[in-house]
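Because only heavy atoms are used, hydrogens play no part in the values below, and waters and symmetry mates are left out as well, while side chains stay in. In what follows, chains carry the letters A, B, and so on, assigned in the order in which the sequence lines appear, proteins first and then strands, with residues in each chain numbered from 1. Source: prediction; values computed, not measured.
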Protein chains: 2
Amino acid sequence: MRKSEKTREKILDVALARFRKEGFEGTTMRDVAKDAGVALGAAYYYFPSKDALVMAYYERIQDEHLEKARAAFAQVKSFRDRLRAAMHTKLDLVARDRKLLGAVFRTVGDPENPLSTFGPATAPIRKASIAVFEEAVGAEPLPPDMRKLAPVALWALHLGVLLYFIHDRSRGQVRTRKLVDGLVDMVGDAMGLLALPGLEPVRAQIGALLALVKEE
Amino acid sequence: MRKSEKTREKILDVALARFRKEGFEGTTMRDVAKDAGVALGAAYYYFPSKDALVMAYYERIQDEHLEKARAAFAQVKSFRDRLRAAMHTKLDLVARDRKLLGAVFRTVGDPENPLSTFGPATAPIRKASIAVFEEAVGAEPLPPDMRKLAPVALWALHLGVLLYFIHDRSRGQVRTRKLVDGLVDMVGDAMGLLALPGLEPVRAQIGALLALVKEE
DNA sequence: GTCTATAAAGGGATAGAC
DNA sequence: GTCTATCCCTTTATAGAC
């Protein structure tokens with residue numbers, strides 16, 4: 001590992017520690033620089049903005065998620081179980097990061113921001129994030145168009161879960177865990193229902209909708 | 001109208017004009033004060049923070065939405081048409097405010113922030129916002145528990161639509177309009193399907209889920 | 001109660017020296 | 001790559017005018 005890489009890691013590590021303890025707003029770049037033992041300018045050399053630190057966090061989480069989810073997928077057989085595992089492993093990963101995670105959503109509504117959650121600059125992270133749900137869908141028998149769209153829909157659902165999670169004040173965020181289990185069953189039921197004969201028009205309708213969302 | 005109220009309105013008006021043109025980040029409180037012809041302190045006298053200006057905007061929009069939606073509801077008969085009207089009147093209202101609207105979402109992930117979109121301080125606005133969908137549901141025949149929960153679910157859906165709208169770069173945001181029409185049909189279809197006999201367990205499942213979300 | 005004028009604390013971001 | 005100095009902004013505060 002090159003020295004510059006080490007410095008970068010150090011800055012990110014102390015930043016995340018601060019974010020977890022004091023929250024995003026409660027942490028200053030000056031704090032981060034001081035904790036890392038570098039000058040303010042050095043911190044900005046590695047991370048062009050405070051938001052960039054949050055994105056680096058989310059990138060890191062994403063890599064770990066794909067790994068953990070794959071391990072969990074290997075233990076189960078059904079789509080329902082894989083979806084459940086995908087959601088729960090993610091929650092396990094961010095369990096102690098609720099304050100931090102909130103910062104990821106600060107840019108959802110700002111397309112101008114280069115680091116917007118839905119913007120072009122974050123496309124790679126988003127792609128990796130969606131990949132987990134692609135693997136969860138796996139070889140599930142689905143109409144061909146749904147096969148490409150279902151992962152995006154499930155990823156969007158997972159964003160909603162994270163938002164709920166951030167606001168969930170129940171002990172250990174058990175409510176979010178319950179929500180996940182309920183949602184997984186609902187998705188399973190819905191897929192079963194939609195597979196019923198005679199529902200081609202409804203399926204087509206949903207396919208068109210998802211395609212519209214995905215185009216973007 | 002008292003003079004103080006006039007000053008407040010003036011400040012809000014010029015602030016919104018700036019936000020629309022330069023975006024939230026691109027506008028400074030100094031700009032706002034100068035445009036309004038008041039001292040910086042006066043701007044803070046009426047609006048304790050820059051965020052407060054955004055919330056005042058959303059409050060204003062909400063009042064207008066209830067009004068416009070009601071007028072539209074009077075023209076139609078079915079639930080589908082009312083839901084469609086609720087969504088489209090909202091989009092009409094914010095049509096030129098995409099930059100501004102994004103700022104409303106800046107706080108979705110921050111429960112600490114007093115002006116968080118889901119926080120206690122914004123409960124009145126949220127309530128008014130949900131009320132529109134209560135009226136859209138109206139006297140629609142529904143299981144009693146669904147009657148209370150459907151409006152919240154539809155309101156959440158509407159937030160998703162707004163998010164899509166903010167990022168929609170199509171001319172006149174026609175894609176969002178299409179999305180709304182598709183969603184309305186999907187919701188209608190789903191409600192029809194769920195009314196089918198033999199689906200009590202599914203209905204109970206969904207009811208439990210929505211209740212979980214609403215508790216919060 | 002409504003506002004002006006001014007200052008200053010504190011923080012994000014940047015320029016330019018080394 | 002790293003640092004210092006600096007800019008500009010939000011927000012708070014204060015003293016006083018009307």
Requested in this report: Could you note down all residue pairs passing ring-ring contact (aromatic ring centres under 6.0 Å, His included) where residues 1-51 of chain A supplies at least one of them, sequence neighbours left out?
Outcome: Phe19(A)-Phe24(A)
Query raised in the report: Out of dT4(C), dT12(D), dA13(C), which nucleotide sits closest to the side chain of Tyr44(B)?
Result: dT12(D)
Requested in this report: Would you indicate which nucleotide in dT11(D), dG11(C), dT14(C) comes nearest to any side-chain atom of Thr28(A)?
Outcome: dG11(C)
**Report entry** Side chain of Tyr46(A) (C-beta onward), nearest among dG1(D), dT12(D), dT4(C)
**Finding:** dG1(D)
Query raised in the report: What is the distance from CD of Glu22(A) to P of dG11(C), rounded to the nearest Å?
Result: 12 Å
Report summary line: Of the candidates dT11(D), dT2(D), dA13(C), the side chain of Tyr45(A) sits closest to dT2(D)
Requested in this report: Could you work out which one of dT2(C), dA13(C), dT2(D) sits closest to the side chain of Lys3(A)?
Outcome: dT2(D)
Report task. Please tell me if the side chains of Tyr58(A) and Val94(A) come closer than 4.5 Å, counting only heavy atoms from C-beta onward. Result -> no
Query raised in the report: Is any side-chain N of the basic residue among Arg106(A) and Asp110(B) closer than 4.0 Å to the acidic one's carboxylate O?
Result: no
Requested in this report: When you get a sec, tell me which of dC3(D), dG12(C), dA5(C) is the closest nucleotide to the side chain of Ala39(B)?
Outcome: dA5(C)
Query - Nearest-Å distance for atom pair CZ/P, residues Arg30(A) and dA9(C) - result: 14 Å
**Report entry** From dT14(C), dT2(D), dT2(C), nucleotide with atom closest to Thr7(A) side chain
**Finding:** dT2(D)
